[in-house]
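To find a chain, count down the sequence lines: A is the first, B the second, and so on, and within it residues start at 1. Values in this document were obtained by computation on a predicted structure and should not be read as measured data.
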Amino acid sequence: MKKLNIYDNIDKSGDEKVKEQTYIIENCDTFEPKDIFECGQCFRWNKQEDGSYIGIFGNNVLKVKKEDNKIIINGICIKNIEDVVKQYFDLNRDYKKIKSQLSKIDDNMKMSIKYGKGIRILNQELWETIISFIISANNNIPRIKGIIEKLSKKYGNEIIFQNKSYYTFPSVDELSRASVKDLRELGLGFRDVRVYETTKLIKEKKVDLQELKKEKDFNKVRNILLTLPGVGPKVADCILLFSTLKRWEAFPIDVWVRRVMNELYIHNPEEAKVKKEEIEKIAYEKFGELAGIAQQYLFYWKREA
DNA sequence: ACCCAGGGTCGTC
DNA sequence: GACGACCCTGGG
């Protein structure tokens, strides 16, 4: 039997195509597409005219649509869609419990959770998350999305879904083909060298991502990430929280989180002068091991409202 | 037209 | 440790 691969469905001469699969989540009180895709953790999900979202991760292109009290997910998946969806959307985690725990902390948390009640933290591929958040530095979301799209179109692979082309995020080898100049021309700006150098370090296994996945110690993993050009404290924490590394202790502090933490808990009239350490201290005291997800509720709440 | 900010990091002082 | 520079785009 011929093994299916992602190229089969774009081979116009071949008969064999990767079939669409469907998976339905029945109980969706802890799954709201808008909250998940617009809370700032991912850059490759786009809202469609019918209100659904289409996104690409790994070699999968999926459409996520909420209908009544159901979430209907369908699209191109090489593996079993149920496994893929459960892993990516972290469906085995009990968000009801997490939300009730955090709601008890104070009214601020209660309100932010009420606002972003359907947030889930995705399990995104480590390599893609590293590059994506290096690109995010001092940048705005529309431009970040645009750059990642251009990178994928130029260096990734095409997948056809419902007569439209989508492009996988380039692998380490694929992105290694890009020179600094290529990256600059794609609009990365000063991040070109950072992406180039980081790609090189990972390709040469000076930083071995497979080894990194096995490391248990939070600070060890974080310190290794910090050796990558373009990865500072904020980006490292985003990688730790939003990728398959999935460290909920990570508490990324960006302008929005600084703003909301100061507003709610610190009340310093000179927000810029609030020390990062002070914010972290309050975060761990209040949210403990749930700091990361708490950060995401606060971020989403403050940025949208 | 002009200015500012955007999910920060890096080199320099 | 603080401070400015950094590429580029969208919004006021």
Side-chain angles (χ1 to χ4, degrees), chain A residues 34-46 112 115-116 119 121-122 124 128-151 154 178-202 207 222-243 245 247-248 250-264 268 270-281 283 291-305:
Chain A
K34 180 181 185 296
D35 296 344
I36 294 170
F37 301 130
E38 294 184 16
C39 72
Q41 62 178 323
C42 54
F43 303 105
R44 303 211 66 201
W45 286 88
N46 294 308
S112 69
Y115 184 79
I119 289 179
I121 308 284
L122 300 168
Q124 303 185 78
E128 174 173 348
T129 311
I130 291 172
I131 299 300
S132 297
F133 278 92
I134 290 175
I135 293 167
S136 80
N138 193 226
N139 211 342
N140 56 54
I141 290 178
R143 186 175 166 215
I144 299 165
K145 290 176 81 168
I147 290 171
I148 295 172
E149 205 50 44
K150 281 186 262 182
L151 276 181
K154 184 154 183 193
S179 66
V180 174
K181 186 163 167 285
D182 292 333
L183 294 171
R184 181 57 65 105
E185 281 167 3
L186 281 182
L188 273 85
F190 60 78
R191 306 161 196 83
D192 54 358
V193 179
R194 300 175 182 178
V195 167
Y196 178 82
E197 296 292 342
T198 289
T199 301
K200 204 166 140 189
L201 283 173
I202 291 173
V207 173
R222 194 168 186 274
N223 285 332
I224 292 169
L225 289 172
L226 287 172
T227 65
L228 296 168
V231 178
K234 153 68 173 63
V235 170
D237 285 335
C238 283
I239 296 166
L240 285 158
L241 182 59
F242 300 140
S243 76
L245 294 176
R247 301 302 169 102
W248 294 62
F251 191 81
I253 299 171
D254 58 60
V255 289
W256 296 99
V257 172
R258 173 180 294 275
R259 200 168 291 165
V260 63
M261 290 294 282
N262 185 47
E263 206 175 301
L264 300 181
N268 188 329
E270 287 187 276
E271 180 188 288
K273 294 200 172 158
V274 178
K275 286 208 168 63
K276 208 165 65 77
E277 289 71 19
E278 188 183 357
I279 299 174
E280 273 170 358
K281 186 165 172 280
I293 179 75
Q295 183 268 11
Q296 207 53 19
Y297 289 118
L298 292 171
F299 171 81
Y300 182 56
W301 178 45
K302 208 61 205 170
R303 205 203 54 186
E304 297 263 314

Between [N] and [M], how far apart are the two [atom1] atoms, rounded to whole Å?
| N | M | atom1 | value |
| --- | --- | --- | --- |
| C/dC7 | B/dC4 | C1' | 15 Å |
| C/dA5 | B/dA5 | C1' | 15 Å |
| C/dG10 | B/dT9 | C1' | 22 Å |

> Has A/Glu277 got more than 12 heavy atoms of other residues, nucleotides or ligands less than 6.0 Å from its CD?
Replying inline: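 Buried by this count: over 12 neighbours within 6.0 Å.
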> Does atom NZ of A/Lys281 have more than 12 heavy-atom neighbours, drawn from other residues, nucleotides or ligands, at distances under 6.0 Å?
Replying inline: no
Does any N or O donor sit under 3.5 Å from an N or O acceptor when you compare the side chain of [X] with the base of [N]?
| X | N | answer |
| --- | --- | --- |
| A/Arg194 | B/dT9 | yes |
| A/Asn138 | C/dC7 | yes |
| A/Arg191 | C/dC6 | no |

>> Between B/dG7 and A/Phe299, is there a base-stacking contact, meaning the centre of the base's six-membered ring lies under 5.5 Å from the residue's ring centre while the planes stay under 30° apart?
In response: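 Given the distance and angle limits, yes, they stack.
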> Looking at C/dA2, B/dG7, B/dT9, which one has an atom nearest to any side-chain atom of A/Trp256?
Replying inline: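 Closest of the options to the side chain of A/Trp256: B/dG7.
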> Taking the side chain of A/Asn139 as its heavy atoms from C-beta onward, which of B/dG6, B/dT9, B/dG7 lies nearest to it?
Replying inline: B/dG6
Could you state the [atom1]-[atom2] distance from [X] to [N], rounded to the nearest angstrom?
| X | N | atom1 | atom2 | result |
| --- | --- | --- | --- | --- |
| A/Tyr196 | B/dT9 | OH | P | 23 Å |
| A/Asp237 | B/dG7 | CG | P | 17 Å |
| A/Ile131 | B/dG7 | CD1 | P | 19 Å |
| A/Asp192 | B/dC10 | CG | P | 14 Å |
| A/Glu277 | C/dA2 | CD | P | 9 Å |
| A/Arg143 | B/dA5 | CZ | P | 17 Å |
| A/Glu149 | C/dC8 | CD | C1' | 18 Å |
| A/Ile239 | B/dG7 | CD1 | C1' | 12 Å |

> Taking NZ, NE, NH1 and NH2 as the nitrogens, is one of them in A/Arg44 or A/Glu149 under 4.0 Å from a carboxylate oxygen of the other?
Replying inline: yes
>> For A/Ser136 and A/Asn139, which I'm curious about, is there any donor-acceptor pair between the side chains at under 3.5 Å?
In response: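 A/Asn139 and A/Ser136 do not have a side-chain donor-acceptor pair below 3.5 Å.
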> For A/Asp35 and A/Gly116, which heavy atoms make the closest approach, and how far apart are they?
Replying inline: OD2-C, 3.7 Å
> Does the pair A/Phe37 and A/Cys42 meet the rule for a side chain to side chain contact (heavy atoms under 4.5 Å, CB included), with working shown?
Replying inline: CA-CA 6 Å; A/Phe37 301 130; A/Cys42 54; 4.2 Å; yes
>> Among residues 35-44 of chain A, which ones have heavy-atom contacts with DNA chain B below 4.0 Å?
In response: A/Cys39, A/Gly40, A/Gln41
Could you check whether [X] gets within reach of a base, just the sugar-phosphate, or nothing at all, counting any heavy atom under 4.0 Å?
| X | value |
| --- | --- |
| A/Arg258 | nothing |
| A/Pro142 | nothing |
| A/Gln296 | base |

>> With a 3.5 Å distance limit and no angle check, can you tell me whether A/Thr129 reaches the backbone of A/Ser243 through a side-chain donor-acceptor pair?
In response: no
>> Both distances below 3.5 Å, Watson-Crick or wobble geometry, any strand: find the nucleotide opposite B/dG6.
In response: C/dC8
> Between A/Tyr300 and A/Tyr115, does the ring centroid distance fall short of 6.0 Å?
Replying inline: yes
